[in-house]
S.K.: 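Before I ask anything, let me first share the structure, which is written out below as structure tokens.
All values derive from a computational prediction rather than experimental measurement.
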Amino acid sequence: MNKPAKYAVALVAAVVAVGAVAVVAVPILARGSLQSSAASQRIVPTVMAVPENAVATPTATTWRLGPDSSVGYRMSTVDGLEVSGSTTEIEGVISRAGETVTDAEFMLDLASLVSEGDARTMLLQALVAATGGNSTASFVLTEPIDLTSATTTVDGEEVVPITGVLTVRGVSNEVHADATVDFGDSRGTVTASIPIDLAAYGISFAGFGVVQVEDIAYIDIDLEAQPGR
């Protein structure tokens, strides 16, 4: 078993919908036929030798989210109260080919979020009510993640840009954020906090009898996956 390599990832842009597919380049040999006025002549494909220095395309593998994965929702009120909730009731997959995460997606129901404390629970219930009955949220990676192109932040973390689409209450927006990705031979983890503009999703707490909240909330992801599950 190879020693797990750590990679920190930067999810960078605005938001996501819940889907993901690995793309593997496959050479195709074409067949053709030449026709003359008298008859058709069969054309035999020519198989060309592979150069000795050719680089093999890594085989994509599907990593399925494990039971330790969780997704949370976090927001703050204008008077400083932080409200958060999380759930393990999520579904998703990650596709990896060599040192590239080619696809990733997850989906959850915001109604399954659990919080502690009456005030926090009330705000989370108001959040679900604000979705108008469509409490499904999903994220889909839209650009491959090159795990070898990490850069170092001022606090010493290595990050790489990630772009995806976050969908909440049927509204999709592109998002950017910082994420940490750690892949070994048998286990991979992805952690990140995705900032979302509540107004961009048409989410308003007006009329729900709750305190005023900040305009930006966060989707906190802590994903754990194994290959071929």
S.K.: What is the minimum heavy-atom distance between L65 and E91, and which atoms define it?
M.R.: CD1-C, 4.1 Å
S.K.: Can you tell me how far apart CD1 (I162) and CG (L141) are? Round to the nearest 0.5 Å.
M.R.: 6.5 Å
S.K.: Just so I know, are the side chains of M107 and I90 near enough to count as touching, which here means a heavy-atom distance under 4.5 Å?
M.R.: no
S.K.: Please find the pair of heavy atoms, one from V171 and one from A200, that lie closest to each other, and give the distance.
M.R.: CG1-O, 3.5 Å
S.K.: Quick one: CD1 on I196 to CD1 on I216, what's the gap to the nearest 0.5 Å?
M.R.: 8.5 Å
S.K.: Would a hydrophobic clustering, with Ile, Leu, Val, Met, Phe, Trp and Tyr connected at side-chain separations under 4.5 Å, put Y218 with V190?
M.R.: no
S.K.: Got a donor-acceptor contact below 3.5 angstrom from the T142 side chain to the T163 backbone?
M.R.: yes
S.K.: At what distance, to the nearest 0.5 angstrom, does CZ of F183 lie from CD1 of I145?
M.R.: 8.0 Å
S.K.: Sorted by first residue and then second, give each salt bridge (Lys or Arg N to Asp or Glu O under 4.0 Å) pair with at least one member in residues 67-76; sequence neighbours left out.
M.R.: R74-D220
S.K.: Quick one: does T102's side chain have a donor or acceptor within less than 3.5 Å of a partner on S95's backbone?
M.R.: yes
S.K.: Output, in order, the C-alpha distance, side-chain angles, deciding distance and verdict of side-chain contact (heavy atoms from CB on, under 4.5 Å) for L113 and T87.
M.R.: CA-CA 5 Å; L113 295 174; T87 179; 3.8 Å; yes
S.K.: Identify, with sequence neighbours excluded, every residue that meets side-chain contact (heavy atoms from CB on, under 4.5 Å) alongside T189.
M.R.: D182, R187
S.K.: Grab the two heavy atoms, one from R96 and one from G184, that are nearest each other, plus how far apart they are.
M.R.: NH1-O, 3.5 Å
S.K.: Would you give the length of the straight line joining atom CG of D146 to atom OG1 of T100, rounded to the nearest 0.5 angstrom?
M.R.: 5.0 Å
S.K.: Hey, could you give me the OG/CD1 distance between S193 and I219, rounded to the nearest 0.5 Å?
M.R.: 10.0 Å
S.K.: Between CG of L223 and OG1 of T191, what distance do you get to the nearest 0.5 Å?
M.R.: 8.5 Å
S.K.: Do you know the tightest heavy-atom contact between V168 and L110?
M.R.: CG1-CD1, 4.1 Å
S.K.: For a quick test of reading the model, state the closest non-hydrogen atom pair linking W63 to A225 and the distance between them.
M.R.: CE3-O, 3.6 Å
S.K.: Taking only residues two or more places apart in sequence or in another chain, which ones pass side-chain contact (heavy atoms from CB on, under 4.5 Å) with T88?
M.R.: S70
